[in-house]
Number of protein chains: 2
Amino acid sequence: MAASTLTEVARLAGVSPATASRVLNGSARKPGKDIADRVRQAAESLGYIPNAQAQGLAKSSSGLIGLIVHDIADPYFAAIARGVQAAAREQRKMVLLATTGGAPGEEREAVAAFAARRADSIVIAGSRSCRTEDRDDNTELAAELDRYCRNGGRVAVVGHPVVGATAPEGYHVVAVPNQELAGALAVELAAGWDGDFVIIGGPEGLLTSDDRIRGFQEGLARAGRAPAEILRTAFNRAGGYDAGLQLAARIKSGASGGGEAAAPKLCIFAVNDVMAIGASAALRAEGLRIPRDATIAGFDDIETLRDFRPALSTVRLPLEEIGRLATRATGRMSGDSDADEDGEQPTVTGEVTLRRSTEAVA
Amino acid sequence: MAASTLTEVARLAGVSPATASRVLNGSARKPGKDIADRVRQAAESLGYIPNAQAQGLAKSSSGLIGLIVHDIADPYFAAIARGVQAAAREQRKMVLLATTGGAPGEEREAVAAFAARRADSIVIAGSRSCRTEDRDDNTELAAELDRYCRNGGRVAVVGHPVVGATAPEGYHVVAVPNQELAGALAVELAAGWDGDFVIIGGPEGLLTSDDRIRGFQEGLARAGRAPAEILRTAFNRAGGYDAGLQLAARIKSGASGGGEAAAPKLCIFAVNDVMAIGASAALRAEGLRIPRDATIAGFDDIETLRDFRPALSTVRLPLEEIGRLATRATGRMSGDSDADEDGEQPTVTGEVTLRRSTEAVA
DNA sequence: CTGGTCTGGGAAAGCGCATTCCCACTACGT
DNA sequence: ACGTAGTGGGAATGCGCTTTCCCAGACCAG
């Protein structure tokens with residue numbers, strides 16, 4: 001038994017398919033009450049479910065929103081996804097998920113797949129990469145997005161515009177003030193600590209990571225401090241752990257040379273919370289304590305990590321809101337008035353949140 | 001400029017749409033090499049992207065997998081989603097996401113939406129509810145799923161079958177041995193602790209929660225212990241926190257009455273990790289220490305929570321694998337031979353993992 | 001050299017729905 | 001009374017693609 005069609009419903013109700021369509025799926029023309037009831041009843045008794053594919057084909061719009069993330073199990077992306085999902089629901093759309101591991105090549109594929117499905121809009125979360133090895137893929141990604149936009153698609157990117165993308169109509173960027181916030185974090189940390197800083201960053205070329213590093217260094221400079229050393233590692237927990245091990249060794253050797261053993265030796269800034277947690281775990285595994293032997297701060301304020309002890313100093317980012325904003329940005333009708341200056345990008349603000357992990361020991 | 005169509009490509013290549021279709025999208029018949037090349041080149045130069053909607057309509061199959069979760073930002077579901085995503089990729093399909101907050105009514109809507117989009121299969125994660133207030137919604141959910149299956153859809157449910165669902169062809173259940181594992185956990189805990197147990201459970205009627213509670217009690221009985229008291233609360237971090245506050249008060253008052261203050265007063269079993277973390281946070285906020293004043297265990301072994309200190313005793317569940325299995329279960333071609341006994345449900349095994357949070361103080 | 005089977009390409013019929021156009025009919029106006 | 005605008009329903013077309021079905025030519029055996 002195949003799903004019943006509009007035609008069957010129409011026949012059962014004794015009307016034409018056109019009329020049935022008009023009553024069942026919102027149309028400008030409203031058929032008469034009695035007929036409408038008959039159709040609705042017929043639909044009910046047949047368990048009619050409109051074929052969204054056919055509808056989409058006929059109307060050329062699918063009610064789909066494509067979401068591209070690196071990894072849906074990463075709490076950072078999961079939080080954004082929640083926002084996207086919420087906004088999608090507001091627009092009565094469904095979200096199509098694609099995970100790419102951050103590779104521009106796979107992101108290009110995902111965009112193509114979304115385009116094939118005629119997704120109404122695409123939200124790209126996740127850090128852009130501008131490593132030279134990704135150059136070509138990035139170019140293709142940009143071209144693919146461009147084409148998608150020209151065909152009427154709307155896209156929103158969280159963070160940075162796709163490298164090399166021109167800005168056609170319908171291309172939105174939800175800017176995240178990574179640099180400013182990292183700077184503010186540095187300033188605040190510098191106020192309570194006069195020792196050395198070290199940064200655990202992601203691979204060079206990861207824009208989000210680079211921005212945060214740059215911002216932090218600028219903040220340090222503003223506070224009259226020397227730039228921090230930068231450790232490059234993977235942009236995840238494992239990377240943080242590795243870097244943590246290195247730093248632990250260094251701290252321990254430093255302690256043997258130094259005098260009092262009870263003062264922190266280092267203030268560590270990991271460019272995201274997950275890395276910070278990894279680093280903390282490494283320090284702990286090496287017998288070091290936070291904030292006694294070293295202080296540490298992260299970035300993002302991941303919800304699941306808030307109960308972590310010692311409480312992690314970080315920069316609060318409204319992740320869910322970011323997802324929602326990005327999605328909404330793509331949702332505006334193209335004919336929307338309201339002096340839509342095309343720019344008018346929504347603004348995201350974060351907040352430096354100092355907690356126990358950077359409490360300077362007096 | 002609208003996206004170019006197959007017909008345009010065909011015209012450019014000087015062949016019929018039929019031929020173009022055959023070369024560009026897998027068909028049984030392979031046109032001649034020279035012609036194929038010409039078509040491919042035409043497609044390339046036009047930047048042709050097949051319209052998946054039209055393809056779906058024509059083939060009546062969409063290449064979509066619907067995933068239903070309570071909340072994508074919950075690490076439990078995020079982990080499952082990762083597995084689903086991975087398996088979907090194996091099958092060259094995309095995943096459609098729906099979040100429902102666990103309400104059967106919304107789940108029904110999601111199933112209908114998936115059915116409308118002609119999703120090839122649906123994976124339902126998240127605890128089934130059998131509260132009486134959900135009775136009607138559950139019935140409708142079951143009916144909707146039933147219809148979906150009869151129309152050729154395949155569905156996999158993680159954990160329990162949908163309440164009231166008959167088991168039509170194409171309906172798979174990935175059983176999670178919650179009860180057995182909770183029992184095993186209880187037994188192991190009982191071996192190292194001879195005081196009282198208390199369970200922090202979800203609302204009554206949440207099948208996953210109920211199973212774990214029942215299993216734990218059985219394990220206790222097997223170990224010759226009295227059943228634990230059960231605290232009902234919300235199935236999330238906040239619920240755990242609330243319950244934790246109650247228990248903290250109780251522990252403290254008990255301590256005033258009791259003798260030595262340095263022995264744990266209680267062994268707490270929270271039915272999932274997130275609740276356990278919430279409870280831990282509450283105890284800590286009340287000045288209690290784990291495992292000194294109380295020991296605690298969770299369930300799921302959420303990855304993000306593994307760096308939590310004190311390390312949480314829990315039951316390791318292969319969440320990602322579960323998502324993958326569920327998805328694969330729906331992927332088998334209906335004509336698959338291999339003595340497909342229809343039953344042959346994949347098996348999930350977990351593992352009791354005792355860590356610091358339940359280390360009995362000697 | 002003819003009748004037969006293959007082979008590879010094209011024509012055309014949908015897939016299920018939205019929508020434009022058209023027509024019959026009613027309700028007015030003067 | 002007739003004419004006109006307005007209303008509500010149906011026929012038909014097309015969205016972009018897949019897939020039979022058909023046909024022309026190639027190729028082989030007899």
Side-chain angles (χ1 to χ4, degrees), chain A residues 1-40 42-43 46-64 113 115-120 151-152, chain B residues 1-40 42-43 46-64 112 115-120 151-152:
Chain A
M1 157 191 161
S4 48
T5 74
L6 223 211
T7 311
E8 292 172 16
V9 172
R11 191 165 27 199
L12 211 189
V15 301
S16 78
T19 304
S21 168
R22 291 196 262 257
V23 19
L24 292 180
N25 312 76
S27 160
R29 288 177 52 174
K30 296 289 167 198
K33 178 100 176 59
D34 49 345
I35 272 204
D37 285 346
R38 223 166 56 221
V39 171
R40 252 185 284 274
L46 264 86
Y48 170 70
I49 296 184
N51 184 326
Q53 307 222 66
Q55 286 189 164
L57 184 53
K59 299 197 288 203
S60 61
S61 110
S62 60
L64 254 28
R117 298 229 137 72
R118 297 301 185 264
D120 297 332
N151 289 346
Chain B
M1 157 192 162
S4 49
T5 74
L6 223 212
T7 311
E8 292 171 15
V9 173
R11 189 165 28 198
L12 210 189
V15 300
S16 78
T19 304
S21 168
R22 289 197 263 255
V23 20
L24 293 180
N25 313 76
S27 160
R29 288 177 51 174
K30 295 291 167 197
K33 178 101 178 59
D34 49 344
I35 272 205
D37 286 345
R38 224 167 55 221
V39 171
R40 253 185 285 273
L46 266 81
Y48 170 70
I49 295 184
N51 185 326
Q53 307 225 64
Q55 287 190 158
L57 220 212
K59 300 198 286 204
S60 60
S61 113
S62 59
L64 255 27
R117 298 227 135 74
R118 297 300 184 264
D120 297 331
N151 290 345

R118(A) vs N51(B), test: side-chain contact (heavy atoms from CB on, under 4.5 Å). Steps then yes/no. CA-CA 7 Å; R118(A) 297 301 185 264; N51(B) 185 326; 3.6 Å; yes

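Listed candidates were dC15(D), dT19(D), dA11(D). Nearest to the side chain of R22(B) is dT19(D). The side chain of L57(B) lies closest to dC15(C), out of dC15(C), dG10(C), dT19(C). When distances are taken from the side chain of N25(A) to each of dT18(D), dT19(D), dA18(C), the shortest belongs to dA18(C). Taking the side chain of K59(A) as heavy atoms from C-beta on, and the options dC17(C), dT18(D), dT19(C), the nearest nucleotide is dT19(C). Comparing dG16(D), dT18(D), dC17(C) by their nearest atom to the side chain of A54(B) picks out dG16(D).
Taking the nucleotide of DNA chain C with the nearest heavy atom to each of R118(B) and D34(B), the more 5' of the two is matched to D34(B). Both Y48(A) and G14(B) sit near DNA chain C, but only G14(B) has its closest nucleotide nearer the 5' end.
Remark: side-chain polar atoms of R117(A) are paired, donor with acceptor, to backbone N or O of S62(B) under 3.5 angstrom.
Atom CG of L46(A) is separated from atom P of dG16(C) by 14 Å (rounded to the nearest Å). One interatomic measurement links the two molecules: CG of N51(A) to C1' of dC17(D), which rounds to 14 Å at whole-angstrom precision. In this structure, Q53(B) places its CD atom 14 Å from P of dT18(D), rounding to the nearest Å. To the nearest angstrom, P of dG16(D) lies 12 Å from CZ of R11(B). In this structure, Q55(A) places its CD atom 17 Å from C1' of dG16(D), rounding to the nearest Å. One can place CG of L24(A) at 16 Å from C1' of dT19(C), the figure rounded to the nearest angstrom. Distance, E8(B) CD to dC15(D) P: 10 Å, rounded to whole Å. Counting to the nearest Å, the P atom of dG8(D) and the CD1 atom of I35(A) are 11 Å from each other.
Note on S21(A): a side-chain N or O is less than 4.0 Å away from OP1 or OP2 of dA18(C). Under 4.0 angstrom from either OP1 or OP2 of dG9(C) there lies no side-chain N or O belonging to S16(B).
If you check every strand for non-hydrogen atoms under 4.0 Å, L6(A) touches sugar and phosphate atoms only. Nucleic acid contact class of P17(A) (heavy atoms, under 4.0 Å, all strands): none. Using a 4.0 Å heavy-atom cutoff across all strands shown, T5(B) reaches sugar-phosphate atoms only and no base atom.
Using a 4.5 Å heavy-atom cutoff, the side chains of L24(A) and P50(A) are not in contact.
Under a 4.0 Å N-O distance rule, the pair D34(B)/R38(B) does not qualify as a salt bridge.
Atom CZ of R11(B) and atom OG1 of T5(B) lie 7.0 Å apart (nearest 0.5 Å).
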